[in-house]
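Report on the structure given below.
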Amino acid sequence: MIDKKIYILGVGHNTIVYVDLVELCGYEIVGLYHYNDERVGENIHGIPIIDSNSNLFKEESLKGMNFAISVGDNKIRKELADKIREKGGNIPNLIHPSSVVSKYASIGEGVVIHANAVVQADAEIKKDTVLSYNCSVSHNSSIGEACYLAFNSTIGAYVKIQENVLIGQSASIVSGKLEYVGANSIIGAGSVVVRNVEANSIVVGNPAKLLSEK
């Protein structure tokens, strides 16, 4: 029998979104973990903040425990996910019931897909990536580990998004115009990307142009 109890790491404005999502996915929330001890004992919509992340990771084992990570920062989210897995914990996929995910798509561990997102056939979403609501990922595209696609963003076909990329709100990665978006890059909100983006770049505009390098 699959354990449907879960803990959420991360207490902030986005926490309630994850509370809503995990409940819709059939999980019972046991408690929340904050990054420090300052808010332990508080309740968020009746759910207790039971401890800090640092105390959690002092535990010898997290085997058999499920976790969701309510953190938007790609780097921090991946670091927390790696620590959970090192201790034997589980990070299940959370896929909103209203999303449309092809049975022919490949979905990695710890992927979060919010309301009304679409993932087409032969698309690949690698572990610890988040698709916000109304995102779309077209066929034969790949989204790397620990990426974040903000709402209304669109990934065209045959594009490879490398790891730790932030795609801003309503940005479009246009099919047939580019092959890749490099690791650790940021695509500004509303940008229309029609050429390759090198690693560690920040691009903005329509058509998107290099703003700076990280």
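The residues of the chain are indexed from 1 along the displayed sequence.
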Check: Ser138 side chain, Gln120 main-chain N or O, donor-acceptor pair, under 3.5 Å: no
CG on Asn164 to CG on Asn184, rounded to 0.5 Å: 4.5 Å
Single-linkage hydrophobic cluster, 4.5 Å side-chain cutoff, Leu62 and Ile76 together: yes
Residues Leu166, Ile187; criterion side chain to side chain contact (heavy atoms under 4.5 Å, CB included); working and verdict: CA-CA 6 Å; Leu166 171 61; Ile187 309 301; over 6 Å; no
Interatomic distance, Asn152 atom CG to Cys135 atom SG [nearest 0.5 angstrom]: 7.5 Å
Nearest heavy-atom neighbours spanning Ser99 and His96: OG-O, 2.7 Å
Minimum heavy-atom distance between Val165 and Gly182, given as atom pair plus value: CG2-O, 3.3 Å
Side-chain (Asn196) to main-chain (Glu179) donor-acceptor, under 3.5 angstrom: yes
Whether Asn66 side chain and Lys5 backbone form a donor-acceptor pair below 3.5 Å: yes
Minimum side-chain heavy-atom gap Asn55-Asp37 below 4.5 Å: yes
Minimum heavy-atom distance Ala123-Val137, with the two atoms named: CB-CG1, 4.0 Å
CD/Glu38: more than 12 non-hydrogen atoms of other groups inside 6.0 Å: no
Side-chain donor/acceptor of Ser185 to backbone N/O of Ser201, under 3.5 Å: yes
Cluster link Val30 to Ile69, ILVMFWY, side chain under 4.5 Å: yes
Distance under 6.0 Å and angle within 45° of ring axis: Lys160 vs Tyr180: no
From Asp73 atom CG to Glu79 atom CD, the distance as rounded to the nearest 0.5 Å: 8.0 Å
Residue pair Gly188 / Ala171: nearest heavy atoms and the distance that separates them: O-CB, 3.8 Å
Between Ser52 and Asn36: side-chain donor-acceptor atoms closer than 3.5 Å: no
Backbone of Thr154 reached by a side-chain donor or acceptor of Ser172 within 3.5 Å: no
Beyond-backbone contact of Ile155 with Ile161, side-chain heavy atoms, under 4.5 angstrom: yes
Verdict with reasoning, Val19 to Ile44, per side chain to side chain contact (heavy atoms under 4.5 Å, CB included): CA-CA 9 Å; Val19 168; Ile44 305 295; 5.6 Å; no
Test log, rule side chain to side chain contact (heavy atoms under 4.5 Å, CB included), inputs Leu131 and Val112: CA-CA 6 Å; Leu131 276 60; Val112 175; over 6 Å; no
Flag, side chain of Ser175 to backbone of Ala157, donor-acceptor distance under 3.5 Å: yes
Atom pair CD1/CD of Ile107 and Glu124 - distance to nearest 0.5 Å: 9.0 Å
Check: Glu28 and Lys4 side chains under 4.5 Å, non-hydrogen atoms: no
Working for side chain to side chain contact (heavy atoms under 4.5 Å, CB included), residues Phe57 and Leu80: CA-CA 9 Å; Phe57 294 125; Leu80 292 172; 3.8 Å; yes
Nearest atoms (heavy-atom pairs only) where Ile16 meets His45: CD1-CD2, 3.4 Å
Between CG on residue Asn90 and CZ on residue Phe67, distance to nearest 0.5 Å: 9.5 Å
Validation row: Tyr35, Val11 side chains within 4.5 angstrom (heavy atoms): no
Main-chain N/O of Ala183 paired with Gln162 side-chain donor or acceptor, under 3.5 Å: yes
pair Thr129-Ile143: side-chain heavy atoms closer than 4.5 Å: yes
Ile50 side chain near Val40 side chain, heavy-atom distance below 4.5 Å: no
Under 3.5 Å donor-acceptor, Ser141 side chain and Val159 backbone: yes
Residues Asp128, Arg85: salt bridge by 4.0 Å N-O rule: yes
Nearest heavy atoms of Gly168 and Ser153, plus distance in Å: O-CB, 3.7 Å
Common cluster, Ile49/Ile84, ILVMFWY with side-chain heavy-atom separation under 4.5 Å: no
Reference residue His114; test ring-ring contact (aromatic ring centres under 6.0 Å, His included); the match among Tyr148, Tyr18, Tyr133: Tyr18
ILVMFWY network linking Ile91 to Ile125, side-chain heavy atoms under 4.5 angstrom: no
Under 3.5 Å donor-acceptor, Asn93 side chain and Gly108 backbone: yes
Close side-chain approach of Val204 to Leu210, heavy-atom, < 4.5 Å: no
SG on Cys147 to CD1 on Ile167, rounded to 0.5 Å: 7.0 Å
Side-chain heavy atoms of Leu9 within contact of Arg77, under 4.5 Å: no
Verify same cluster id: Val181, Ile202 (apolar side-chain graph, 4.5 Å): no
Side-chain ion pair, Glu86 and Lys83, N-O less than 4.0 Å: no
Salt-bridge present (Lys78, Asp82; N to O < 4.0 Å): yes
Test item: Ser102 side-chain N/O and Val119 main-chain N/O as donor-acceptor pair under 3.5 Å: no
